[in-house]
Amino acid sequence: MMEQKLEIFLQQACKDLYQATLNEKQVQVQKTRSEFEGDFTIVVFPLLSISRKSPEQTANDLGEWFMAHLDEVDDFTVIKGFLNLSITAKYWIDFLNSEKNRPNYGYTQKGKSKPVVVEYSAPNTNKPLHLGHIRNNLLGWSVSEMFRASGQEVVKVNLINDRGIHICKSMLAWQKWGGGKTPESENLKGDKLVGEYYVKFDQELKAEVADLLGKGMDKEAAENNAPLLLEAKEMLKKWEQDDPEIKQLWERMNAWVYEGFDKTYNRMGVDFDKVYYESDTYLLGKELVKDGLEKGVLYQKPDGSIWCDLTDEGLDEKLLLRADGTSVYMTQDLGTAQLRYDDFDPSKLVYVVGNEQIYHFDVLKLILKKLGRDWAEHIFHLSYGMVELPHGKMKSREGKVVDADDLMDEMYETAKRTSEELGKFDDFTSEESERLYNILSLGALKYFILKVDPKKTMTFNPEESIDFNGNTGPFIQYSYARIQSILRKAKEAGIETGENILTDCPVSAKERSLIRLLYEFPQTVQFAAESMSPAQIANYVYELAKEFNQFYHESPILKENDNLIRDFRLQLSRFIGNVIKSSMGLLGVDVPERM
RNA sequence: GGUCUCGUAGCUCAGUUGGAUAGAGCAGCAGCCUUCUAAGCUGCGGGUCGUGGGUUCGAGUCCCGCCGGGAUCACCA
């Protein structure tokens, strides 16, 4: 890569000119900003102390040196303390010729490293997936793809929260008020049906609490002693004792939910290599805890409960086993972490979980380390920001949520309406139209969610829905379709586009800028994977599509009279199309041949 | 209260990890379809980067204080 080469030569230059060796901070090679002439910029400010000359003089000396020693350097300009180097057209054309037909350009060949395990989604089986899950799922899936593209082995895992008091709540409500309704009888997705009873439970519980308060009971007592809650707790106890009737109900209702989840996952285009169920793993942590107690890392209180003291680390004490021997969330997470380590011997354990659980994962890592699990160092909590609605946060229990299925439906309708208004697809069969609307609506949704930095809280406005113009998925998809359209026409006209571009082909400023962007794709993928940020890819591909559209407007491609230039532009366009497709692929977004 | 985190144009977001005159999209206004797809392109207006200090050749970016929002500190998950 040119940057590395320039850095090495810069070292040499300073040795030659100033008899000095540079430290890392002094070597600064970056992309030249578009408003200036040149390709790469060397910042000379850090070099002034060794050159003992003015910024301009230093930059000039270095510029001369580069001209004399590096064939690829064409020209240079000096602006203040910035040395802008121009790279020869030949270098860029050579780059195009060697890379334009490379399959998987920008992706790194898989090495023989240990896998990265990425956990994402982790739904509860008492309610349907909502907008928050969408961000989680898209992020987890995309980050996994980016790891793969950067040469790492990846295992995508899900951990389904299929047991616990919250599950019993919806079970109990269905038992009481369900009247034997099933997804089939109601023609309703299973997760939706179960979710209704979770809401129902909450409503009934609130009514009971209000009633108790009215009878003069204090708030805490009322909340803890409402008959419904006691009943749910009783059900949980029975579940843990393997009561056949409860287990059967539990299996039945969970099966409904899984069927619903699978539909949503499929439509969203996310998948998993392995699915863990909390009901299988929730007991695993106990062994670790007992072991820790024997080693004296943990301690027991007089009531029999077991704790970890983290006050030395500036945190609190953390309960790991209740006095009655039952486990808490942390206990089972210790267990599943160990299980995953045993299953995959991973180089990294990534948890895609909301930022409200930062504390939880800090504690998890600390406890594992105390228990002598050195691999805890490789746990990484990819904590993403919440998705908020314009009015504020989403609240499941109050029904203030954006349902995942509903949202995809609405997006689909918008895509359909917009497409029909434009009326470009009269020759499409209904299957083709449907396919296109799916590609566009999911593209809009996924791009909208993934283009923002995962760490940041984001606002989602369902009223305005998602735009199809500007910095959006469909805009990028449109750019791709335009390219394919030209390529189809070129083929029809019998123009061969596979040959090498001649090095004396004239290249405009916009074309050069596009070549630069293509050149940056591999490092963008690498950087996106390292920072676990699909937003890096989204911003990159938007820039590429935008520049292509500008190019498209200012230059004829197929209609260019000079065949040399025409073929160059066709090849450039095809390369851009491929990179758009690869980039969008990393975001889980498909691209249409026509739109 | 402790800890963490965020604050950039009316709105939604970028800002390449400290570099040049802080950028896009949406919304608003004005243009461009007999020419490869107008889901596009061009132009205009819009900013004390919450605020006050500090570090330095250079700060939206790093450090400290303050203001404002959010998260978390459960025998919930």
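In what follows, chains carry the letters A, B, and so on, assigned in the order in which the sequence lines appear, proteins first and then strands, with residues in each chain numbered from 1. All values reported here derive from a predicted model rather than from experimental measurement.
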Practice problem: Could you work out which one of G40(B), C75(B), U37(B) sits closest to the side chain of Tyr552(A)? | Solution: U37(B)
Quiz item: Expressed in whole Å, how much space separates the C1' atoms belonging to G18(B) and U55(B)?
Solution: 11 Å
Quiz prompt | Check: Phe361(A) ring centre within less than 6.0 Å of Phe380(A) ring centre | solution = no
Self-check item: Syn or anti for U51(B) (syn when the glycosidic angle lies within 90° of 0)
Solution: anti
Quiz item: Closest to the Asp316(A) side chain: A20(B), A77(B), C73(B)?
Solution: C73(B)
Quiz prompt | Ring-on-base stacking G19(B) with Phe45(A) (under 5.5 Å, under 30°) | solution = yes
Quiz item: Which one, C41(B), A20(B), G18(B), comes nearest to the side chain of Ile79(A)?
Solution: A20(B)
Quiz item: From U17(B), C75(B), G25(B), pick the nucleotide closest to the side chain of Phe527(A)?
Solution: U17(B)
Quiz item: Using atom C1' of each nucleotide, how far apart are G7(B) and A14(B) to the nearest Å?
Solution: 15 Å
Quiz item: What nucleotide, of A77(B), C36(B), U21(B), holds the atom closest to the side chain of Ile557(A)?
Solution: C36(B)
Quiz item: What does Tyr282(A) touch in the nucleic acid at a heavy-atom separation under 4.0 angstrom: a base, only the sugar-phosphate, or nothing?
Solution: nothing
Quiz item: Which part of the nucleic acid, if any, lies within contact of Thr459(A), taking any heavy atom under 4.0 Å across all strands shown: a base, the sugar-phosphate backbone alone, or nothing?
Solution: sugar-phosphate
Exercise. Can you tell me which stems involve RNA chain B, if a stem is defined as three or more consecutive Watson-Crick or G-U wobble pairs, both distances under 3.5 Å?
Key: B:1-7 with B:67-73, B:10-13 with B:23-26, B:28-32 with B:40-44, B:50-54 with B:62-66
Practice problem: Indicate whether OP1 or OP2 belonging to U5(B) is found under 4.0 Å from a side-chain N or O atom of Lys455(A). | Solution: no
Quiz item: The side chain of Lys456(A) lies closest to which of these nucleotides: A14(B), G19(B), C75(B)?
Solution: A14(B)
Quiz item: How far does the C1' atom of A77(B) sit from the matching atom of A59(B), given to the nearest Å?
Solution: 42 Å
Quiz item: Does Tyr478(A) make a side-chain N or O approach to OP1 or OP2 of A39(B) shorter than 4.0 Å?
Solution: yes
Quiz item: Should the pair Phe460(A) and Phe448(A) be assigned to parallel (<30°), tilted (30 to 60°) or perpendicular (>60°) ring geometry?
Solution: perpendicular
Practice problem: Verify the ring-centre separation between Tyr542(A) and Tyr447(A): is it less than 6.0 angstrom? | Solution: no
Quiz item: Side chain of Lys31(A), base of U16(B): donor and acceptor closer than 3.5 Å?
Solution: no
Quiz prompt | Check: Ser142(A) side chain, Leu139(A) main-chain N or O, donor-acceptor pair, under 3.5 Å | solution = no
Quiz item: NA contact type, Glu554(A), heavy-atom cut-off 4.0 Å: base, sugar-phosphate, or nothing?
Solution: nothing
Quiz item: Between Glu37(A) and Thr77(A), is a side chain to side chain donor-acceptor pair (under 3.5 Å) present by the stated rule, with each step listed?
Solution: CA-CA 7 Å; Glu37(A) 201 168 320; Thr77(A) 58; over 6 Å; no
Practice problem: Write down the distance separating the C1' atoms in A30(B) and G69(B), rounded off to the nearest Å. | Solution: 39 Å
Quiz item: Would you call C33(B) syn or anti, using the 90° rule around 0?
Solution: syn
Quiz prompt | Arg33(A): partners by side chain to side chain donor-acceptor pair (under 3.5 Å), with sequence neighbours left out | solution = Glu35(A)
Quiz item: Nearest to the side chain of Val328(A) - C36(B), G23(B), C75(B)?
Solution: C75(B)
Exercise. Look at the side chain of Thr41(A) and the base of A20(B), then say whether one donor and one acceptor between them are separated by less than 3.5 Å.
Key: yes
Quiz item: Does Gln550(A) make a side-chain N or O approach to OP1 or OP2 of U42(B) shorter than 4.0 Å?
Solution: yes
Practice problem: Using the C1' atom as the reference point in each nucleotide, state the distance between A22(B) and U16(B) in Å, no decimals. | Solution: 14 Å
Quiz prompt | Aro-ring/base stack Phe36(A)-A20(B), d under 5.5 Å, angle under 30° | solution = yes
Quiz item: Taking the side chain of Tyr359(A) as its heavy atoms from C-beta onward, which of U72(B), C75(B), A77(B) lies nearest to it?
Solution: U72(B)
Quiz prompt | Distance-only polar pair, side chains of Thr32(A) and Asp39(A), donor-acceptor under 3.5 Å | solution = no
Exercise. Kindly write out the residues that satisfy salt bridge (charged side-chain N to carboxylate O under 4.0 Å, His left out) with Lys489(A), not counting sequence neighbours, or none if the list is empty.
Key: none
Self-check item: Check: Asn549(A) side chain, Ala545(A) main-chain N or O, donor-acceptor pair, under 3.5 Å
Solution: yes
Quiz prompt | Atom C1', compared across C11(B) and G54(B): separation rounded to whole Å | solution = 34 Å
Quiz prompt | Ionic contact status for Glu554(A) with Lys510(A), cut-off 4.0 Å | solution = no
Quiz item: What about Asn469(A): does its side chain form a donor-acceptor pair under 3.5 Å with the base of C26(B)?
Solution: no
Quiz item: How would you label the contact of Ala481(A) with the nucleic acid (heavy atoms, under 4.0 Å): base, sugar-phosphate, or nothing?
Solution: base
Exercise. Please indicate yes or no: is the ring centre of Phe475(A) less than 5.5 Å from the centre of the six-membered base ring of A39(B), with the two planes inclined by under 30 degrees?
Key: no
Quiz item: Could a donor-acceptor pair under 3.5 angstrom be found where the side chain of Asn84(A) meets the base of A20(B)?
Solution: yes
Practice problem: Kindly say if Arg163(A) contacts the phosphate of C76(B), meaning a side-chain N or O under 4.0 Å from OP1 or OP2. | Solution: no
Quiz item: Just checking Lys80(A): base, sugar-phosphate only, or nothing, at a heavy-atom cut-off of under 4.0 Å?
Solution: sugar-phosphate
Quiz item: Rounding to the closest angstrom, what is the interatomic distance between C36(B) and C44(B) at atom P?
Solution: 27 Å
Quiz item: Is Gln28(A) near enough to C57(B) that one of its side-chain N or O atoms lies under 4.0 angstrom from OP1 or OP2?
Solution: no
Quiz item: Does a side-chain N or O from Thr457(A) land closer than 4.0 Å to OP1 or OP2 of G70(B), or not?
Solution: no
Practice problem: Nearest whole angstrom, please: distance from the P of C41(B) to the CG of Asn549(A). | Solution: 5 Å
Quiz item: C6(B) and G58(B): how far apart are their P atoms, nearest whole angstrom?
Solution: 26 Å
Quiz item: Taking the side chain of Lys424(A) as its heavy atoms from C-beta onward, which of C75(B), A39(B), A14(B) lies nearest to it?
Solution: A39(B)
Practice problem: Output yes when at least one side-chain N/O atom of Arg482(A) is less than 4.0 Å from OP1 or OP2 of A38(B), else no. | Solution: yes
Quiz item: Under 3.5 Å, side chain of Arg488(A) to main-chain N/O of Glu593(A), donor-acceptor pair present?
Solution: yes
Quiz prompt | Out of A20(B), C13(B), C26(B), whichever nucleotide has its closest atom nearest the side chain of Asp467(A) | solution = C26(B)
